[in-house]
Amino acid sequence: MENKFNNLIKIMKNEKMTEEEKASVYFKVETFVNNNPVKNPLSPYLKVSPYFSKFSFATLGKTVGVALLLVIIGFGGIALASASALPGNLTYPLKIALENFEAQLASTPVKKIAVKSKIIETRFKEAEELIKTNKRTDEKQAMIDSSIAENKKEIEDNLEIISKENPEVATLAKANLETLIQTSEKELGILITEKSDDLNFIENEILSNKATFEEKFKVDLELMEKIETLDNIDNLDPEIENKLLIQDTEVISDITPAVIPDLSASVISAVPEEINNTSSNSEENNQTNP
Amino acid sequence: MPFKSSQMVEVKSQNLNKEFNASYERFSDAIFRYCLYQTSNRQKALDLTQDTFIKTWEYLSTGKQVENLRAFLYKVAGNLIIDDRRKKKSESLDKITEQGFDVKNDRDEISIIENAFEKQLALDTLEKLDKKYRNAIILRFVEDMEIEEIAKTLKESKNNISVRIHRGLEKLKIILEENQQ
């Protein structure tokens, strides 16, 4: 019995996917993973799994604390509602209310800093979006600036509390916050300049094209006027005749009907003679050379 | 260099991806076996293996905690198997055993046939075992899990698992003797 059992177990243990099957399943899983990236890779509320990470919140040392706080300041804590609602949108007040609610839930200075950092980051994203979509106004920018300043102040107040126990940590975190804000403001400044350049370029294009259109129209107008004043098509200036031939049908249709029959008549009348001459020549040739 | 939150997100995401890929390499065959011996259908087992890892990623990607990934994968696989059973509740036992292994290779080699036959026999044997005992036997002897780990995976007490293994072995003995006859 033992042999049979061992044999059974051995057979079962040897069972596995073929290389093709394994690759096929992996491909589908990988596709899903790529299409569904990590949503909240770091959260102050997250208990870190020893399996997945060597970083443990439970073993707090000063160096770990610094890294933690710097990461929180830079990362901004848990992702809040999407930045799709912008100042001026109907749902924007709701977004602000949700942010305030989450801030109230934060019970410790570190958690408050995390939430406030995220809010500042969201404000900068909103400013960026307003610039990109040409919806930026002084009033909306002022709203954003005010929110950033307010949340920055609250972060600094909480850093004061932390500095009593960990002055180095608080100092580093504050420096990091300043750098983050300055960098974001600088990037926004560059974006504004680029956008302004884009707008100037577009405006110039419109203006230059407008001149081109006007010039073309003016030529068309001149052409039409000249043709309409002519008594005889034979008096048509060659240059104008050329322009007439390459003109749009719309322009030609604007020409008075009296001119077209004359023009076409003169062309048609010329052709038959040539054809007749050619035909008679060919008949003579056929008779002499069968 | 200023600290960019988007860079931090990227680093964390890459670490999780890397470790998840490693877990696939390490556990995919085990999960496949587990699904195969529960469903007796190779294609179904492949689909369930795929779904197990996908569901696990869905869970991990929201930042939730996983203490023991192997146990977690088995739990997810177990739940998917249960769902699958509910869907095909009306199928007869004959049909289930008919599905068995797919011998995809057309080569008429004796070793392949014998292997398939042995595997089929293994499947048939397991089919006759009650699923409670089957689970415990597979995890203990095929996947070399400790009693404690099996208990956590199946959400049972250690005593229950020990009893199931013991009873499962007794039952298996009878089935193997019947097979011989």
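Naming convention: chains lettered A, B, ... in sequence-line order (proteins, then strands); numbering from 1 in each chain.
- Note that OH of A:Tyr26 is 13.5 Å distant from CD of B:Gln50, once rounded to the nearest 0.5 Å.
- When all heavy atoms of B:Thr49 and A:Met17 are compared, the pair lying nearest together is CG2-CE, 4.4 Å.
- At most 12 heavy atoms of other shown residues, nucleotides or ligands fall within 6.0 angstrom of atom CG in A:Asp138.
- Scanning both residues, A:Pro37 and B:Ser61, for their nearest heavy atoms gives O-CB, 4.2 Å.
- Dense packing is recorded around NZ of A:Lys140, with more than 12 heavy atoms of other residues, nucleotides or ligands lying under 6.0 Å away.
- Between A:Met12 and B:Leu126, some side-chain heavy-atom pair lies under the 4.5 Å cut-off.
- In this structure, chain A has no heavy atom under 4.5 Å from any part of B:Asp51.
- Using a 4.5 Å heavy-atom cutoff, the side chains of B:Asp29 and A:Lys22 are in contact.
- Tested against A:Val33, the residues B:Phe53, B:Tyr24, B:Phe20 include a single side-chain contact (heavy atoms from CB on, under 4.5 Å) partner, B:Phe20.
- The environment of A:Glu20 atom CD is sparse: at most 12 non-hydrogen atoms of other residues, nucleotides or ligands sit within 6.0 angstrom.
- In terms of heavy-atom proximity, A:Val25 sits nearest to B:Leu46 at CG2-O, 4.0 Å.
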One pair to check against salt bridge (charged side-chain N to carboxylate O under 4.0 Å, His left out): A:Lys13 and B:Glu143. What are the steps and the verdict? CA-CA 7 Å; A:Lys13 274 189 177 184; B:Glu143 305 304 334; over 6 Å; no
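- B:Trp57 places a side-chain heavy atom less than 4.5 Å from the side chain of A:Asn36.
- Nearest heavy atom pair, residue A:Thr18 against residue B:Arg42, reads N-NH2, 4.1 Å.
- Heavy atoms of B:Thr125 lying under 4.5 Å from chain A belong exclusively to its side chain.
- Residue B:Phe32 touches chain A through its side chain alone, counting heavy-atom pairs closer than 4.5 Å.
- Around CZ of A:Phe27, the count of heavy atoms belonging to other residues, nucleotides or ligands within 6.0 Å does not exceed 12.
- Counting non-hydrogen atoms of other residues, nucleotides and ligands closer than 6.0 Å to CD of B:Glu148 gives a total of 12 or fewer.
- A 6.0 Å sphere centred on NZ of B:Lys171 holds no more than 12 heavy atoms belonging to other residues, nucleotides or ligands.
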